[in-house]
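Input: a single structure, listed below in structure tokens.
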Amino acid sequence: MTDQKRFRSILLFGPPGVGKGTQGKILGSVPGFFHLAVGDVFRSIDIGSPEGKEVCEYTAHGKLVPDELTIKIWKKALDAYVALSWYKPREDLLVLDGMPRTVAQTELIQNTIDIRGVIHLSCEDEEDMIHRLRRRAIRENRADDANEEVIRHRFDVYREQSKPVLDCYPDDKKFSVEANGSPASVLSDILDALIPIQNEHFESDW
Ligand code: ADP
């Protein structure tokens with residue numbers, strides 16, 4: 001893939017429970033955006049398959065799935081969405097949710113993905129996010145959100161392995177958005193950052 005043909009993307013970044021999935025799904029319903037969440041891809045795999053079993057061993061304990069396996073599964077899903085024309089790279093900005101989550105992953109996706117903007121959703125109140133995750137556990141029947149020890153471990157993993165990803169991108173591509181407000185006000189702040197990036201995508205050839 002030439003440099004020109006890397007998929008133009010924006011990254012939704014932030015700790016577990018900060019609202020990446022909620023915002024990503026809303027954005028994905030707006031023409032011109034395609035939302036791809038690694039967590040959703042993992043949850044769609046048949047848990048009886050060898051790959052599904054392997055993924056589950058990590059996710060159930062709040063650990064990151066190894067980089068190579070993650071990239072392999074994620075890329076397969078991405079290629080399928082392109083083949084189905086659900087994601088149209090010429091028209092849509094790809095909204096990445098949960099990818100990259102390690103510095104190694106930023107390097108592994110570099111030939112495929114052109115990150116145009118990073119939305120850093122932040123929330124100072126960890127207890128508030130834990131509360132959101134517990135509600136999500138019931139609503140979405142998610143085993144990894146049901147156990148407080150697993151949740152706390154995911155925050156440690158975020159701090160140690162995922163947060164350094166932010167340093168891989170230049171300041172002029174990063175937008176910090178307070179995640180404490182209502183979903184509508186958070187969305188409004190995200191759109192303020194994304195609309196110029198989307199206009200640029202519409203105006204230039206891919
Ligand atoms: P959250 O953002 O609440 O942690 P996700 O649905 O994004 O939840 O991810 C669920 C789980 O899937 C993570 O806890 C992790 O085990 C695994 N996972 C998601 N994205 C990645 C990734 N990029 N690399 C490795 N593991 C991942």
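Numbers for residues simply follow the sequence, beginning at 1. Read the numbers this way: they start at 1 and go in the same order the structure lists the ligands and their atoms.
The ligand atoms of ligand 1 that sit less than 4.0 angstrom from a heavy atom of R142 are 3 (O), 5 (P), 6 (O), 8 (O), 10 (C). Heavy-atom proximity to R43, at under 4.0 Å, picks out these atoms of ligand 1: 6 (O), 10 (C).
For atom 3 (O) of ligand 1, the nearest non-hydrogen atom from the set E57, K20, R136, Q105 comes from R136. Of the listed residues (G98, A60, S162, P100), the one carrying the non-hydrogen atom nearest atom 22 (C) of ligand 1 is G98.
Taking atom 19 (C) of ligand 1 as the reference point, the nearest protein heavy-atom neighbour is R101 NH1, 3.1 Å. Ranking the protein heavy atoms by distance from atom 27 (C) of ligand 1 puts F42 CE1, 3.6 Å first. Nearest non-hydrogen protein atom to atom 26 (N) of ligand 1 is V65 N, 3.0 Å. Looking only at heavy atoms of the protein, atom 11 (C) of ligand 1 is closest to T59 CG2, 3.9 Å. Looking only at heavy atoms of the protein, atom 14 (O) of ligand 1 is closest to R154 NE, 3.6 Å.
Counting heavy atoms closer than 4.0 Å to ligand 1, residue T70 contributes side-chain atoms (C-beta onward) but none from N, CA, C or O. The part of K63 lying near ligand 1 is the backbone, judged by heavy-atom distances below 4.0 Å. Heavy atoms of L64 found under 4.0 angstrom from ligand 1 belong to the backbone as well as the side chain.
Between D145 and R154 there is a salt bridge, since at least one side-chain N of the basic residue sits less than 4.0 Å from a carboxylate O of the acidic one.
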